[in-house]
Amino acid sequence: MQKTKRNYFSATRVAVIAMFATLAGLLYVFGFPIAAAFPSWLELNFSDIPALIGTFALGPVSGAIIVFVKILIKLVIKGTTTVFVGELADLLIGVAFVVPSGLIYKKMRTFKGALLSMAVGMVCSTAMSIIANWLVLVPFYRQLFFHGSWAPLVGTMQVLFGEGCTENTFYTFYLWCSVLPFNLMRCIIAIAVTLPVYKHISRLINKLNDKLSPAPLPATEGGSDESVRRAKKQAIITVCVVAAVLVLLVAGVLLRYFLGKNR
């Protein structure tokens with residue numbers, strides 16, 4: 001008996017990705033600083049939670065798409081203050097969290113596998129955040145906002161860590177006393193919420209997909225050819241809808257950015 005190959009990006013999967021991405025995007029918009037412990041520009045948000053749950057339920061590719069779309073949604077709603085450099089760093093940090101987690105969990109679909117996958121994702125994401133801040137974000141912010149001066153950055157860090165933070169020791173304090181614990185905390189929060197709920201959500205998505213996916217027609221009625229044509233038609237419609245939504249999101253991001261520049 002020939003097995004029916006399902007379209008990976010079924011209408012159900014695309015709808016669930018959109019749901020997780022929208023929730024992640026809204027959570028991303030409502031980030032907030034923890035001024036007593038970290039510099040004000042490190043804003044905590046909970047957008048990693050739906051991204052990680054979506055990754056476990058749908059796979060690493062879907063997780064990466066959720067991270068990408070959530071950033072587009074945030075840019076449409078809130079815009080950018082960093083000429084997209086901060087958002088690019090957030091994209092890399094988010095993908096570094098969900099993709100390793102999703103790849104490992106795909107091979108080890110057990111509770112231990114989930115713990116291992118999220119631990120590896122946390123390490124990868126935290127390492128990416130340190131590299132991004134060290135090589136990209138701090139140099140960029142320093143040039144864009146402070147014309148190359150260290151004084152405002154060092155002054156902010158001295159409020160938290162005292163006079164020991166200087167221009168020469170800035171990276172030591174910032175990367176290891178702020179970026180490292182902040183991103184570990186961000187990942188741990190996402191892991192703590194994801195662990196109890198991901199199995200239930202995954203089962204719900206599978207049941208929904210089984211109900212909404214069209215059943216193949218019997219072979220005696222020309223069902224094989226008809227099923228293939230129907231699957232292709234559905235795939236084309238899905239791809240067109242997704243492409244149209246992405247184009248609209250990107251257009252919204254660019255429109256907001258250029259209108260903001262002209263004000």
Side-chain angles (χ1 to χ4, degrees), residues 24-25 27-48 51 64 67-99 122-187 249-263:
L27 291 173
Y28 187 26
V29 167
F30 294 105
F32 56 92
I34 308 176
F38 302 106
S40 59
W41 57 82
L42 291 179
E43 292 190 346
L44 180 65
N45 65 76
F46 303 113
S47 63
D48 290 312
V67 173
F68 177 71
V69 175
K70 84 169 185 182
I71 290 175
L72 289 181
I73 292 171
K74 179 262 181 184
L75 286 170
V76 170
I77 295 173
K78 201 172 180 179
T80 179
T81 57
T82 63
V83 199
F84 305 110
V85 173
E87 286 75 25
L88 176 60
D90 286 343
L91 173 64
L92 296 175
I93 291 167
V95 169
F97 189 26
V98 300
V99 170
M122 179 172 65
V123 171
C124 292
S125 182
T126 304
M128 180 62 74
S129 69
I130 291 171
I131 293 169
N133 275 277
W134 175 36
L135 298 179
V136 179
L137 294 180
V138 171
F140 177 80
Y141 284 137
R142 193 161 60 89
Q143 292 298 328
L144 180 66
F145 294 107
F146 310 124
H147 307 290
S149 173
W150 280 101
L153 294 174
V154 171
T156 301
M157 294 298 291
Q158 284 181 344
V159 172
L160 295 171
F161 301 106
E163 298 296 325
C165 181
T166 64
E167 180 178 328
N168 293 327
T169 61
F170 174 82
Y171 278 118
T172 301
F173 280 94
Y174 179 60
L175 295 179
W176 306 114
C177 300
S178 290
V179 174
L180 176 64
F182 176 84
N183 282 279
L184 286 175
M185 178 182 68
R186 172 183 63 82
C187 293
L249 283 173
V250 172
V253 170
L254 295 176
L255 184 63
R256 181 182 179 89
Y257 175 69
F258 286 112
L259 287 177
K261 283 186 69 175
N262 293 329
R263 286 179 183 174

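Keep in mind that the numbers below use all heavy atoms, side chains included, and drop hydrogens, waters and symmetry copies. Starting from 1, each residue takes its place in the sequence as its number.
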Between [X] and [Y], which heavy-atom pair has the shortest distance, and what is it?
| X | Y | answer |
| --- | --- | --- |
| G31 | N45 | CA-CB, 3.8 Å |
| A96 | C124 | O-CB, 3.4 Å |
| K78 | V29 | NZ-O, 3.2 Å |
| E43 | P33 | CG-N, 4.1 Å |
| V69 | L249 | CG1-CD1, 4.1 Å |
| T166 | E163 | CG2-O, 3.7 Å |

Is the CZ atom of F30 crowded by more than 12 outside heavy atoms at less than 6.0 Å?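 Counting other residues, nucleotides and ligands, CZ of F30 stays at 12 neighbours or fewer.
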Gap separating the [atom1] atom of [X] from the [atom2] atom of [Y], nearest 0.5 angstrom:
| X | Y | atom1 | atom2 | answer |
| --- | --- | --- | --- | --- |
| F161 | F170 | CZ | CZ | 10.0 Å |
| K70 | D48 | NZ | CG | 5.0 Å |
| M122 | C187 | CE | SG | 6.5 Å |
| I130 | L135 | CD1 | CG | 11.5 Å |
| Y28 | K74 | OH | NZ | 5.0 Å |
| F32 | L42 | CZ | CG | 12.5 Å |

Looking at S125 and I93, would you say the former's side chain and the latter's main chain have a donor-acceptor pair under 3.5 Å?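 Between the backbone of I93 and the side chain of S125 there is a qualifying donor-acceptor contact (under 3.5 Å).
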Without swapping roles, check the side chain of R142 against the backbone of G148 for a donor-acceptor pair under 3.5 Å.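 Side chain of R142 to backbone of G148, a donor-acceptor pair under 3.5 Å: yes, one is there.
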T80: which residues meet the side chain to side chain donor-acceptor pair (under 3.5 Å) condition with it, sequence neighbours left out?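 Testing T80 for side chain to side chain donor-acceptor pair (under 3.5 Å), a comparison that skips the adjacent residues, returns T82, E87.
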With N183 via side chain to side chain donor-acceptor pair (under 3.5 Å) - residues at least two apart: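 So N183 forms a side chain to side chain donor-acceptor pair (under 3.5 Å) with S129, R186.
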Would a 4.5 Å heavy-atom cut-off, applied to side chains only, mark [X] and [Y] as touching?
| X | Y | result |
| --- | --- | --- |
| L44 | F38 | no |
| L72 | V76 | no |
| F84 | V253 | yes |

May I have the list of side-chain donor-acceptor pairs in residues 173-182 shorter than 3.5 Å, sequence neighbours left out?
unit_1	atom_1	unit_2	atom_2	d
Y174	OH	W41	NE1	2.9
Y174	OH	N133	OD1	2.9

